[in-house]
There are 2 protein chains.
Amino acid sequence: MTEQENKTIDKREQILDVAEDLFSLHGFEAVSVREISKAADINIAMISYYFGSKEKLYEEVVIRKLTTSDKIIDVISKQEKYADKLYAIIDLYIDRFFANRKLNNIIFREMALGQRTEMTELITERLFQNFQIISEVIKKGIKSGEFNKVDVELTATTIIGTIKLYTTSTPIVCRILKINESDMSYTNKMKKRLSVYFRELFSNYLEIK
Amino acid sequence: MTEQENKTIDKREQILDVAEDLFSLHGFEAVSVREISKAADINIAMISYYFGSKEKLYEEVVIRKLTTSDKIIDVISKQEKYADKLYAIIDLYIDRFFANRKLNNIIFREMALGQRTEMTELITERLFQNFQIISEVIKKGIKSGEFNKVDVELTATTIIGTIKLYTTSTPIVCRILKINESDMSYTNKMKKRLSVYFRELFSNYLEIK
DNA sequence: GTCTATATATGGATAGAC
DNA sequence: GTCTATCCATATATAGAC
């Protein structure tokens, strides 16, 4: 790879990062390519040059992180008990949701709009896989006799729904937990607290004592 | 009230209903006043006439349903056990979230944007009240010895988070539950299922046996 | 690859006739 | 209250010079 090619990729990534920030903060329609070009410190024409259009840029912002390969199977296989498998997945999802907060904002807004496009199909597919993984573990746990017979789908949505609320509705969550919104140091404490909470919740609901 | 006044109120309400639909479907920025006026079958100039601006119209769409008085206190007081109080609140919230699906879409999108405006303050305040009511019941239940000592705030967010996922991420939920998205008859079944699920979940987690 | 200048469309809002 | 016509700001996208 030549230095020039490297530079080009950097520029592209730089634009994508800035765009992700802005789209996450204000939504697709509210952000202009002018803003993006200004924030990314590039000429406005470069966005058309690199991506073709604002819409294509938006799609690439979403898709680039959606297609990263999954190492979740490894995480699961390391644990013997189904409960531990589940908790390992939950911890992984907590990490991911907090790390990809911005992208999640974009994704779930797109979901809420509920318009069928190529992109929403891709997102739905991806989120569905997450649910499938959780559901599978719970189902197998039930079959093995380790878990109670519970509503598998709703249990899975409780996990996603609760974590999602924490990463996409910051103002209200900060209000509830009496945290200063500008103080982002709470993230780690929050992740730990969520992790502990799910263990307590499901050790009562799921695990047969 | 004269007939003319009545007609005016109807027109206003009509515009507000149509606007709520469109804002919920596409978001504030993506909807033009031209679209709204067309869909509401009124002249475009009437929106300025009635509301002053697009933004004011948007605010009124949100605020009009946010200021309805609460009968939640009645619902709680009818129940003796804290568990039954909690389940009564949950059922009420399930009803409300499903009934106000469109508005919730708008509200939580506004939350996700996380920009401090007069309106978001109002929304945050309102949502916070919901959390407070749930939290209070759980706290009192713990104090009375009826409930286990749990993470009160996270338990409350699980309730809201799970219900919210069902009403704001329809495509993925339909996918999970293997429901046809266009078939809206599932709503009642879904509400019942959620209600039963929360009872099972919390009878294990909260209630001391 | 990078820039300026511009074509073109669409948006919100309102002046002024009725 | 209702409408048409129009103003003006801002948007995306691109042609063409360098």
Side-chain angles (χ1 to χ4, degrees), chain A residues 1-62 106 109-110 113 115 117-119, chain B residues 1-62 106 109-110 113 115 117-119:
Chain A
M1 193 182 281
T2 68
E3 207 175 301
Q4 184 57 39
E5 275 167 343
N6 240 318
K7 210 175 155 191
T8 299
I9 290 165
D10 287 351
K11 270 262 190 310
R12 271 185 69 93
E13 287 297 312
Q14 189 191 339
I15 296 169
L16 285 166
D17 287 340
V18 167
E20 186 179 323
D21 263 27
L22 289 172
F23 285 141
S24 161
L25 267 170
H26 311 111
F28 175 75
E29 314 278 346
V31 177
S32 67
V33 289
R34 272 175 178 74
E35 266 180 274
I36 296 168
S37 68
K38 215 169 189 175
D41 199 34
I42 50 127
N43 187 276
I44 186 173
M46 298 313 287
I47 288 181
S48 292
Y49 178 76
Y50 279 126
F51 304 97
S53 69
K54 182 187 173 185
E55 193 130 358
K56 290 259 179 65
L57 165 62
Y58 184 62
E59 279 173 23
E60 195 152 331
V61 164
V62 176
I106 296 174
R109 208 177 302 141
E110 214 60 47
L113 295 180
Q115 291 168 131
T117 65
E118 214 177 310
M119 201 179 65
Chain B
M1 194 183 278
T2 68
E3 208 174 301
Q4 184 57 36
E5 275 168 342
N6 238 318
K7 209 174 158 191
T8 298
I9 290 165
D10 287 351
K11 269 263 190 312
R12 272 185 70 93
E13 287 298 311
Q14 189 190 340
I15 296 170
L16 285 165
D17 287 341
V18 167
E20 186 179 323
D21 264 27
L22 289 171
F23 285 141
S24 162
L25 268 169
H26 311 111
F28 175 75
E29 314 278 346
V31 178
S32 67
V33 289
R34 276 175 176 75
E35 264 181 275
I36 296 169
S37 68
K38 215 170 188 175
D41 198 33
I42 49 126
N43 187 276
I44 186 173
M46 298 313 287
I47 288 179
S48 292
Y49 178 76
Y50 279 126
F51 303 97
S53 70
K54 183 187 173 185
E55 194 130 356
K56 291 257 178 66
L57 165 61
Y58 184 62
E59 280 172 23
E60 196 153 331
V61 164
V62 176
I106 296 174
R109 209 178 303 139
E110 214 61 45
L113 295 180
Q115 291 167 133
T117 65
E118 214 178 310
M119 200 179 66

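Quick note on labels: first sequence line is chain A, next is B, and so on, each numbered from 1. Note that this is a predicted model, so its numbers are computed, not measured.
- Straight-line distance from the CD1 atom of B:Ile42 to the P atom of C:dA13: 13 Å, rounded to whole Å.
- Closest to the side chain of B:Ser48, out of C:dT2, C:dA13, C:dC3, is C:dA13.
- Among the nucleotides D:dC3, C:dA13, C:dC3, the one closest to any side-chain atom of B:Asn43 is D:dC3.
- In this model, the phosphate group of C:dT2 is approached by a side-chain N or O of A:Tyr50 to a distance below 4.0 Å at OP1 or OP2.
- When the nucleotides D:dT4, C:dA13, D:dA13 are ranked by their closest atom to the side chain of B:Ala45, D:dT4 comes out on top.
- Atom pair B:Leu57:CG and C:dG11:P shows a separation of 16 Å (rounding to whole Å applied).
- What separates CD of A:Gln14 from P of C:dG1 is a distance of 14 Å, to the nearest Å.
- B:Tyr58 has its OH atom 14 Å from the P atom of C:dG12, to the nearest Å.
- The interatomic distance linking A:Ile44 (CD1) with C:dA7 (P) rounds to 16 Å, in whole Å.
- A:Phe28 carries A:Lys54 over the face of its six-membered ring, with the cationic atom under 6.0 Å from the centre and within 45° of the normal.
- Closest-nucleotide positions on DNA chain D for B:Met46 and A:Val33 were compared, and the one nearer the 5' end corresponds to B:Met46.
- Using a distance-only test at 3.5 Å, with no hydrogens or angles considered, no donor-acceptor pair links the side chain of A:Arg12 to the main chain of A:Phe51.
- The side chain of B:Arg34 sits closest to C:dA13 out of C:dT4, C:dA13, C:dG1.
- Between atom CD1 of residue A:Ile36 and atom CD of residue A:Glu20 there is a gap of 11.5 Å, rounded to the nearest 0.5 Å.
- A donor and an acceptor atom, one from each side chain of A:Glu110 and A:Tyr58, are located under 3.5 Å apart.
- Closest to the side chain of B:Ser53, out of C:dA13, D:dT2, C:dT4, is C:dA13.
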